[in-house]
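Just so it is clear, the structure is predicted and the values come from calculations on it, not from any experiment.
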Amino acid sequence: MTRQQELVQTFEHLYGCGGNIRLFFAPGRVNLIGDHTDYNGGHTFPCALKLGFTAAVRLRSDQQVCLSSMLLDPGTVFRYDLHSQNEISQRRASFDWVRTFLDMIRVFEEKGYMIPTGFEMLINGEIPTGTGLGVAGAMEALIAITLRGLYEYKDIGNRELLDFCRKIDSIYTGVNSGMIRSCASLMGREGYGLFISSQKMQYEFVPLEMKNAVFLMTDSRIRQKLTREMFFQRRSECEKALKKLQVVANVDDLCSLSTDRFESCKDVIMEPTYTKRARHVVYEDSRTVRAVSALKAGNPVRFGMLMNQSHESLKNNYEVSGPETDFIQEHACKIEGVYGSRITGVGKGGFVLTLLERDAVPAFKERIHHEYHSSFGLDPVFLDVEAGDGAREMTEQI
């Protein structure tokens, strides 16, 4: 039995058989380089994964919406009437994925795309929360493409759905993450990364081809601990640094500064913590641009060096790494055939991304597993980075 068939079987057990059950899928993402630059007007370079979330969904004839997940809040069915969204939104505020549904329905209707009847939905996924693989963005993309498909709004393109997701981020959640949060999940293309400019709201597909080099992810088994409060604290520190810099530099965001310009005027910030946060953002943006150029030139040595610099900055300037991920990154760089390694995602746990020679993968896995288990008593999990397509309907796979 396939995962899709298992999902449909569970759906029918939960909601009953019959009717037209449809499947929709949205992938997670991994940031190859460029973290915490998006909300500072910079560049980032993610790719969609072949892992993600799948939803089985069926229309109802009444106004009731039924939501359940095999991964998030398993065993619970959230039921509400479309006419009482505000009340339910307040009562279910602690369940982010349910709130995201309500917010997306609201955005659709604000844009003139009404949700006339209710539906039943069951979600399953291959990516646990707290791993840094874009769970929130994947859920937004999944909800957006499901509503579009379910109600046959064929005139809404993926680029417009991306704008819907961005509105949720900026207005309803306050994240204001540029295009990164859902872009790869919606726009991903198999075999390609997306070079995203948050300032211009544009993206470019770049082939992920570098001779015999491959990307490999190592799960530290530590779930990310960068809380919402810590995230917004970092953002606030960046904003305060920018405000100081704007006294001497005519810029709208930190990533509008070149590294040379930052060095020439950084003393105006005065607060050491703010200076460190700004240093990471400015240099990370430059690293991302140069890394994409290295990829286009087929230069894994250069790309790997920039990955190592990125990790050191995330560790020392942005202070979002941890002992487990630092251990994996440090020991990865000692292994023959490794070009570079870095923590990926918001930080404080999750995955470490490594660029290495294809032939070095077996020895890498064996050594990292032994050393990590010996030091932390945890067994790391390894995942190949396979860049996949973006969100889509998959009903034909039932």
Indicate yes or no: at least one non-hydrogen side-chain atom of Ile168 is less than 4.5 angstrom from one of Asp103. yes

All pairs passing salt bridge (charged side-chain N to carboxylate O under 4.0 Å, His left out) where residues 282-311 contributes a residue, at least two apart: Glu204-Lys296, Glu284-Arg287, Glu284-Arg342

Between [X] and [Y], does any side-chain donor sit less than 3.5 Å from a side-chain acceptor?
X: Asn317; Y: Ser313; result: yes
X: His311; Y: Asp326; result: yes
X: Arg392; Y: Asn158; result: no
X: Asp155; Y: Tyr113; result: yes
X: Gln9; Y: Gln5; result: no
X: His36; Y: Tyr39; result: yes

Applying ring pair (Phe, Tyr, Trp, His ring centres under 6.0 Å), name anything that partners Phe164, two or more places apart in sequence or on another chain. Phe108

If the condition is salt bridge (Lys or Arg N to Asp or Glu O under 4.0 Å), which residues does Glu393 pass it with, not counting sequence neighbours? Arg22

Gln309 meets the side-chain hydrogen bond (donor to acceptor under 3.5 Å, both in side chains) criterion, sequence neighbours left out, with none

Contacts of Lys266 that satisfy side-chain hydrogen bond (donor to acceptor under 3.5 Å, both in side chains) - sequence neighbours left out: Glu263

Give a yes or no on whether a salt bridge exists between [X] and [Y], defined as a side-chain N under 4.0 angstrom from a carboxylate O.
X: Glu160; Y: Lys111; result: no
X: Lys315; Y: Glu319; result: no
X: Asp163; Y: Arg159; result: yes
X: Arg367; Y: Glu371; result: yes

For [X], I'd like to know if atom [atom1] has over 12 heavy atoms of other residues, nucleotides or ligands within 6.0 Å.
X: Glu336; atom1: CD; answer: no
X: Asn250; atom1: CG; answer: no
X: Glu366; atom1: CD; answer: no

Which heavy atom in Ala144 sits nearest to a heavy atom in Met104, and how many Å separate them? CB-CE, 3.8 Å

Can you list every ring-ring contact (aromatic ring centres under 6.0 Å, His included) pair that touches residues 255-286, not counting sequence neighbours? His280-Tyr318

Sidechain-backbone polar pair: Ser182 side chain, Ser185 backbone, donor-acceptor under 3.5 Å: no

Interatomic spacing from CG in Leu32 to OG1 in Thr344 - rounded to 0.5 Å: 7.5 Å

Test side-chain contact (heavy atoms from CB on, under 4.5 Å) applied to Asp253 and Gln199, Gln246, Glu239, the passing residue: Gln199

Test side-chain contact (heavy atoms from CB on, under 4.5 Å), reference Leu383, set Lys50, Met217, Glu126, output is Met217

Taking the cut-offs as 6.0 angstrom to the six-membered ring centre and 45 degrees off its axis, would you call Arg189 and Phe205 a cation-pi pair? yes

Are the ring centres of Phe376 and Phe327 closer than 6.0 Å? yes

Less than 6.0 Å separating the ring centroids of Tyr339 and Phe215? no

